[in-house]
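Every value quoted in this text rests on a predicted model; they were computed, and no experiment measured them. Naming convention: chains lettered A, B, ... in sequence-line order (proteins, then strands); numbering from 1 in each chain.
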Number of protein chains: 2
Amino acid sequence: MKLSKNIINCKSCVYRNLLYEMLSSAEYEKVNASRTEIIFGRGELIINEGDEINDFLYLRKGLVKMFKTNSHGKDHILSINKPGDFINLLSIFSKDEQQYSVTALEETHVCSVKLSTILELLKGNSEFALRVMNRMSYIADEIIQKRFEISQRQVKGRVAYMLRFLSEQIYHRSDFRMPITRRELGELISMTTENTIRTMSEFRKDGIIDMDGKNIHIIDFDRLKKVCERG
Amino acid sequence: MKLSKNIINCKSCVYRNLLYEMLSSAEYEKVNASRTEIIFGRGELIINEGDEINDFLYLRKGLVKMFKTNSHGKDHILSINKPGDFINLLSIFSKDEQQYSVTALEETHVCSVKLSTILELLKGNSEFALRVMNRMSYIADEIIQKRFEISQRQVKGRVAYMLRFLSEQIYHRSDFRMPITRRELGELISMTTENTIRTMSEFRKDGIIDMDGKNIHIIDFDRLKKVCERG
DNA sequence: TTGATTTTATGAAATATGTCATACGCATTC
DNA sequence: GAATGCGTATGACATATTTCATAAAATCAA
């Protein structure tokens, strides 16, 4: 973890319109002044469940997993998040502590704005407040929807669903490098590592995907969709 | 479904402090003026997934289930909600349509405030806006947390978890009448009706609970907790 | 590079869950 | 009062999933 050396201004950030588009120049300056950009290497812990919340955090670059560790010490992944995603927006207004842990899956740049600054802006700019609500609402719905989709499928359907998610929503291409291990994929779909691996092998034998270690190539998208829909 | 004949004023509502405590008298009046209280009988549909969102809704009395119907026509219950809960807060700021359906499990009184009124108040009162965010955040976390707990257990643990939820968080007593059928309990924990019934029977045989139709009595709470923790 | 650790992989057996069939009680309806 | 539908209940069997064992390949640290 280290501070970024060439921090860009929010005004030129491609994710600016997600949240800051209705801020005045003076308000922008406040955000910029209280903002730092932190770089995390692959595997580094960005947020630890239980940490005190002092900052509002979102991704500018990279990929992370959001997870919780249960009482038996087993991790369960809630979601994979990409640039533009707010990684603690669901906790900062109702809890004092981070509710989930977050780890970088690759080199990840995190923007960190003091929570006090955000609160100040919220009080003075109701359009900004409405936008924040819009984002909170959207994020919550995304997570709930995905967990819902996962819960009604069995292993094959779950793996197919996640392969589609990675291909369609993260990489936007049919071949990509898996950002997580098979064990983590299992933690994401609430399945054992062995079953997850077996299912991937089965997809390969069936000619739905091609695999070389972490490199995945979806060959037969139609069939993948069918497996995904059948549950 | 019918309008309540004796609507009480928000100022005397026990749930007032959940949301409205920082409103001025004039603002209260706006809420009251744009508010109606609607009574739904057991089984009546309160919200239909896909409906246009025009109102902000919350429960004053009763019990409801929030659910989605999947592409195979099967319902999946997301949560059971009780008085004080906001039943569409997660949709109103990011979607035009209701994202979930809601049905009354018993006679239920719903407060309905025009969304335009809420938006107007949000723009003029930042403390109110912060409170709304706090509630959104809290609701999202509750749902995500519960789905998370369910997903890492198997049938016995899931049924035990829901029995504890009903006993501890809904009825606050060890004996209660199940507000849902065994099928619905299955829809809540993503299990088949038969397995759900079998598990309940097993709990009875093991002396953990006593049952007479929908009447449930938790006899051995310690053992129920153990089953719940073991997954 | 070596050695240790993790990840991927697969098989066999044990367990959990789903499916199909059947039955009984209860309420509703005609 | 017979017929119907629904919820609860249980058994038998099929399928899905976990668990345990083992091993090769990949990754990492010294």
Side-chain angles (χ1 to χ4, degrees), chain A residues 41-44 65 70 72-77 103 105-106 150-163 177-206 209-217 227 230-231, chain B residues 41-43 65 70 72 74-77 103 105 150-163 177-206 209-217 227-228 230-231:
Chain A
R42 177 179 154 72
E44 273 192 283
K65 63 171 179 178
N70 72 12
H72 304 294
K74 195 165 158 35
D75 286 352
H76 285 257
I77 300 178
T103 294
L105 297 172
E106 58 184 49
I150 289 293
S151 75
Q152 41 182 301
R153 290 174 164 80
Q154 40 201 35
V155 212
K156 290 192 201 27
R158 292 180 187 189
V159 172
Y161 182 81
M162 285 314 305
L163 289 177
R177 194 172 166 75
M178 281 280 278
I180 51 178
T181 63
R182 308 288 195 268
R183 177 173 53 75
E184 288 172 316
L185 180 54
E187 289 169 358
L188 190 50
I189 62 177
S190 302
M191 284 292 148
T192 56
T193 309
E194 293 96 322
N195 251 321
T196 308
I197 290 173
R198 252 188 276 268
T199 304
M200 297 277 288
S201 300
E202 199 177 324
F203 284 175
R204 181 183 45 197
K205 277 172 205 150
D206 291 350
I209 63 171
D210 197 15
M211 277 197 293
D212 177 23
K214 288 217 167 8
N215 295 311
I216 306 289
H217 184 188
V227 174
R230 268 205 312 266
Chain B
R42 177 177 154 70
K65 63 171 178 177
N70 72 12
H72 304 295
K74 194 162 159 37
D75 285 350
H76 284 256
I77 300 178
T103 294
L105 296 171
I150 288 295
S151 76
Q152 43 182 301
R153 291 173 164 80
Q154 40 200 37
V155 211
K156 290 191 200 28
R158 292 181 186 189
V159 172
Y161 182 81
M162 285 315 303
L163 289 177
R177 195 173 164 74
M178 283 279 279
I180 51 177
T181 65
R182 305 289 195 268
R183 178 172 54 75
E184 287 172 316
L185 181 53
E187 288 170 359
L188 190 50
I189 62 177
S190 303
M191 284 292 148
T192 56
T193 308
E194 294 96 322
N195 254 322
T196 307
I197 290 173
R198 252 187 275 268
T199 304
M200 298 279 287
S201 300
E202 198 177 326
F203 284 174
R204 182 183 46 198
K205 278 172 203 150
D206 291 349
I209 64 171
D210 198 17
M211 277 197 294
D212 179 22
K214 288 215 166 12
N215 296 311
I216 306 290
H217 184 188
V227 174
C228 189
R230 269 203 312 263

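OP1 and OP2 of D:dC6 both lie 4.0 Å or more from every side-chain N or O belonging to B:Arg183.
Residues B:Val227 and B:Ala160 approach most closely at CG1-CB, 4.0 Å, considering heavy atoms. Nearest heavy atoms, A:His76 versus A:Ser190: ND1-OG, 4.3 Å.
In this structure, A:Arg182 atom CZ and D:dT18 atom P are separated by 17 Å, rounded to whole Å. Put simply, CD on B:Glu187 is 14 Å from P on D:dC6, counting in whole angstrom units. Summarising the geometry, the separation between CD1 on B:Ile180 and P on D:dG7 is reported as 12 Å, rounded to the nearest angstrom. Atom-to-atom, NZ of A:Lys156 to C1' of D:dT17 comes out at 10 Å; the value is rounded to the nearest Å.
Two end axes, each from the C1' atoms of five base pairs, can be drawn for the helix from C:dT1-D:dA30 to C:dC30-D:dG1; they diverge by 50°, to 10 degrees.
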Below 3.5 Å, can you tabulate the donor-acceptor pairs from side chains in residues 197-206 of chain B to any protein atom, sequence neighbours excluded?
residue: B:Thr199; atom: OG1; partner: B:Asn195; partner atom: O; Å: 2.7
residue: B:Ser201; atom: OG; partner: B:Ile197; partner atom: O; Å: 3.1

Under 3.5 Å donor-acceptor pairs involving side-chain atoms of residues 177-189 of chain A, not counting sequence neighbours:
residue: A:Arg177; atom: NH1; partner: A:Asn215; partner atom: OD1; Å: 3.3
residue: A:Thr181; atom: OG1; partner: A:Arg183; partner atom: N; Å: 3.4
residue: A:Thr181; atom: OG1; partner: A:Glu184; partner atom: N; Å: 3.1
residue: A:Arg182; atom: NH2; partner: A:Gly213; partner atom: O; Å: 2.8
residue: A:Arg183; atom: NH1; partner: A:Glu187; partner atom: OE2; Å: 3.0
residue: A:Glu184; atom: OE1; partner: A:Thr181; partner atom: N; Å: 2.9
residue: A:Glu184; atom: OE2; partner: A:Lys65; partner atom: NZ; Å: 2.7

Task: Base versus backbone protein contacts along nucleotides 23-30 of chain D [heavy-atom cut-off under 4.0 Å; B, S, -] - done: --------

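The side-chain heavy atoms of A:Lys74 and B:Gln152, taken from C-beta on, include no pair separated by under 4.5 Å.
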TODO: Evaluate the criterion side-chain contact (heavy atoms from CB on, under 4.5 Å) for residue pair A:Asp212 and A:His217; output intermediate values, then yes/no.
DONE: CA-CA 9 Å; A:Asp212 177 23; A:His217 184 188; over 6 Å; no

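Of all nucleotides in DNA chain C having an atom under 4.0 Å from a heavy atom of chain A, the first and last in 5' to 3' order are C:dT7 to C:dA12.
The stretch residues 190-201 of chain B comes close to DNA chain C through B:Met191, B:Thr192, B:Glu194, B:Asn195, B:Arg198, each having a heavy atom under 4.0 Å from the strand.
Counting non-hydrogen atoms under 4.0 angstrom, A:Lys214 reaches the backbone sugars and phosphates but no base.
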